[in-house]
2 protein chains.
Amino acid sequence: MSGPGNEALRIGDVAKLAGTTPRTIRYYEELGLLPQAPERPSGGHRLYSPEEVERLREVMRLKELLGVSLQELKDLLAAEEARAAVRAELQREDVHPERRRELLLQAQGHIDRQLELVEHRAAELAKLREELLSTRGRVRERLRELDALAPA
Amino acid sequence: MSGPGNEALRIGDVAKLAGTTPRTIRYYEELGLLPQAPERPSGGHRLYSPEEVERLREVMRLKELLGVSLQELKDLLAAEEARAAVRAELQREDVHPERRRELLLQAQGHIDRQLELVEHRAAELAKLREELLSTRGRVRERLRELDALAPA
DNA sequence: CCTCATCCTTACGTTCACGTCAACTTCACA
DNA sequence: TGTGAAGTTGACGTGAACGTAAGGATGAGG
């Protein structure tokens with residue numbers, strides 16, 4: 001059985017797959033951005049699953065798009081971390097509805113927090129985009145005027 | 001005659017108006033992000049017009065929204081710089097239409113470059129926003145299910 | 001089993017984007 | 001005309017986010 005989904009990746013592979021370096025991965029782990037993968041079977045080498053690669057990419061993506069510090073990002077991801085735990089707990093059927101509700105509300109709060117950040121930035125960017133488009137429109141119009149008078 | 005529009009601002013005033021520090025302003029000037037205001041009447045103090053404040057705010061805004069290094073930002077603003085010069089030159093009527101055309105095309109190129117950057121980021125952010133909204137939707141649904149079974 | 005690429009930790013180095021301090025000059029105002 | 005706040009140019013300091021080098025352990029292929 002060598003089906004896909006259970007390959008054990010080494011840190012160098014992960015780095016290449018995510019487009020970064022081993023150093024950065026260790027650094028993120030040190031900061032708590034990535035789980036400290038306490039599984040170091042026999043040797044001290046870190047091993048990763050493809051899911052971990054996705055997680056890393058997501059971290060890099062958020063860093064890029066939200067433009068926050070790694071510390072702030074850590075807080076934002078604590079949210080995601082919590083959501084993972086929540087999902088795990090919610091999987092089981094035997095959770096008190098009261099507890100379920102609490103967990104879901106908590107998850108919602110985390111998501112809303114991220115959404116707020118994202119929407120704020122998105123709005124600002126949209127505004128900037130509109131301004132640029134408008135300016136470009138004016139330039140184009142002037143070019144057309146010019147063409148009308150003295151065509152190439 | 002003390003009408004608005006010709007107040008001479010000092011670097012500290014500018015800093016407060018733009019929400020930053022004198023140090024940053026000097027640093028930006030040193031990097032070439034702000035024009036080196038060669039006008040230092042008698043004393044060596046920098047003087048600014050309200051327009052310069054706007055310029056500074058714009059720089060800060062772009063830095064924040066585009067998340068680029070100050071060097072890259074400088075290149076992007078060389079564009080804007082050029083546009084300012086272009087606008088000045090275009091104001092005059094006695095410019096060869098050929099030259100006008102050239103200037104306008106150049107300006108258009110600069111704008112398009114900025115637009116490309118902005119639209120790329122905006123698209124990425126929009127994608128992220130959609131994902132978050134979708135996730136939130138699922139959470140909400142689960143909450144509604146819960147409410148239906150065991151209302152508060 | 002040997003070897004060599006890859007990994008480990010530790011630690012110091014580097015770049016960016018400023019902060020801060022020193023020594024001095026200039027401006028605003030009583 | 002003094003005097004305190006604000007400005008000037010160096011210069012060095014700093015936090016974030018890694019890069020890089022040292023010295024040694026580990027793992028995969030021949």
Side-chain angles (χ1 to χ4, degrees), chain A residues 2 6-49 52-53 55-77, chain B residues 2 6-49 52-53 55-77:
Chain A
S2 65
N6 53 356
E7 307 120 55
L9 301 169
R10 307 173 63 182
I11 197 173
D13 309 331
V14 173
K16 287 194 178 173
L17 287 175
T20 181
T21 72
R23 168 62 170 141
T24 296
I25 297 179
R26 296 196 197 98
Y27 182 50
Y28 284 9
E29 175 182 329
E30 179 186 337
L31 289 190
L33 276 170
L34 300 176
Q36 311 213 12
E39 336 197 30
R40 305 273 192 101
S42 91
H45 293 194
R46 292 168 180 82
L47 290 186
Y48 299 89
S49 66
E52 309 258 11
V53 179
R55 160 78 173 198
L56 174 56
R57 299 190 89 116
E58 188 63 17
V59 167
M60 295 172 63
R61 183 187 180 201
L62 289 178
K63 171 185 145 79
E64 165 80 2
L65 285 181
L66 300 186
V68 299
S69 79
L70 293 181
Q71 274 305 322
E72 301 173 275
L73 191 52
K74 181 188 169 184
D75 298 348
L76 275 180
L77 290 183
Chain B
S2 64
N6 54 355
E7 307 119 55
L9 301 169
R10 307 174 65 185
I11 198 173
D13 309 330
V14 173
K16 287 194 178 174
L17 288 175
T20 181
T21 72
R23 169 61 170 140
T24 295
I25 298 181
R26 294 196 197 99
Y27 182 51
Y28 285 8
E29 175 181 330
E30 179 186 337
L31 289 189
L33 276 171
L34 301 176
Q36 311 214 10
E39 336 197 28
R40 306 269 192 103
S42 90
H45 293 193
R46 293 169 179 80
L47 291 185
Y48 299 87
S49 66
E52 310 257 12
V53 178
R55 159 80 172 198
L56 174 56
R57 299 190 87 114
E58 188 63 17
V59 167
M60 295 172 63
R61 183 186 179 201
L62 289 178
K63 170 185 147 84
E64 165 81 2
L65 285 181
L66 300 186
V68 299
S69 79
L70 293 181
Q71 273 306 319
E72 302 174 273
L73 190 53
K74 182 189 169 183
D75 298 348
L76 275 179
L77 289 183

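Below, chains carry the letters A, B, ... as their sequence lines are ordered, and counting in each starts from 1. Heavy-atom basis, side chains included; hydrogens, waters and symmetry copies ignored.
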Value in whole Å for how far the [atom2] atom of [N] lies from [atom1] of [X]:
{"X": "B:Leu47", "N": "C:dA28", "atom1": "CG", "atom2": "P", "result": "9 Å"}
{"X": "B:Lys74", "N": "C:dC16", "atom1": "NZ", "atom2": "C1'", "result": "15 Å"}
{"X": "B:Tyr48", "N": "D:dT8", "atom1": "OH", "atom2": "P", "result": "7 Å"}
{"X": "B:Tyr27", "N": "C:dC16", "atom1": "OH", "atom2": "C1'", "result": "6 Å"}
{"X": "A:Ile11", "N": "D:dT26", "atom1": "CD1", "atom2": "C1'", "result": "14 Å"}
{"X": "B:Gln36", "N": "D:dT9", "atom1": "CD", "atom2": "C1'", "result": "14 Å"}
{"X": "A:Glu30", "N": "D:dG15", "atom1": "CD", "atom2": "P", "result": "16 Å"}
{"X": "B:Leu56", "N": "C:dA17", "atom1": "CG", "atom2": "P", "result": "15 Å"}

Can you tell me which nucleotide in C:dC8, D:dG7, D:dA17 comes closest to the side chain of A:Arg26?
C:dC8
With respect to the side chain of B:Arg10, which nucleotide from D:dG19, D:dG7, C:dT6 is positioned closest?
D:dG7
If I compare all heavy atoms of [X] with all of [Y], which pair ends up nearest, and what's the gap?
{"X": "B:Tyr48", "Y": "B:Glu29", "value": "OH-OE1, 3.8 Å"}
{"X": "A:Leu33", "Y": "A:Arg55", "value": "O-NH2, 2.9 Å"}
{"X": "B:Pro22", "Y": "B:Gly12", "value": "CG-CA, 4.3 Å"}

State whether [X] places a side-chain N or O below 4.0 Å from either non-bridging phosphate oxygen (OP1 or OP2) of [N].
{"X": "A:Arg40", "N": "C:dT9", "result": "yes"}
{"X": "A:Arg46", "N": "D:dG27", "result": "no"}
{"X": "B:Thr21", "N": "C:dG19", "result": "yes"}
{"X": "A:Tyr28", "N": "D:dA17", "result": "no"}
{"X": "B:Lys63", "N": "C:dC18", "result": "yes"}

Whichever of B:Asp13 and B:Arg23 has its nearest DNA chain D nucleotide further upstream toward 5':
B:Asp13
When the nearest nucleotide of DNA chain D is assigned to A:Thr24 and to A:His45 on a heavy-atom basis, which residue is associated with the more 5' position?
A:Thr24
Counting the atoms with a prime plus P, OP1 and OP2 as sugar-phosphate, which does A:Leu70 contact under 4.0 Å by heavy atoms, base, sugar-phosphate, or nothing?
sugar-phosphate
To the closest 0.5 Å, what do you measure between CD (B:Glu30) and OG1 (B:Thr24)?
11.5 Å
Are B:Arg61 and B:Glu58 ion-paired here, with the side-chain N under 4.0 Å from a carboxylate O?
yes
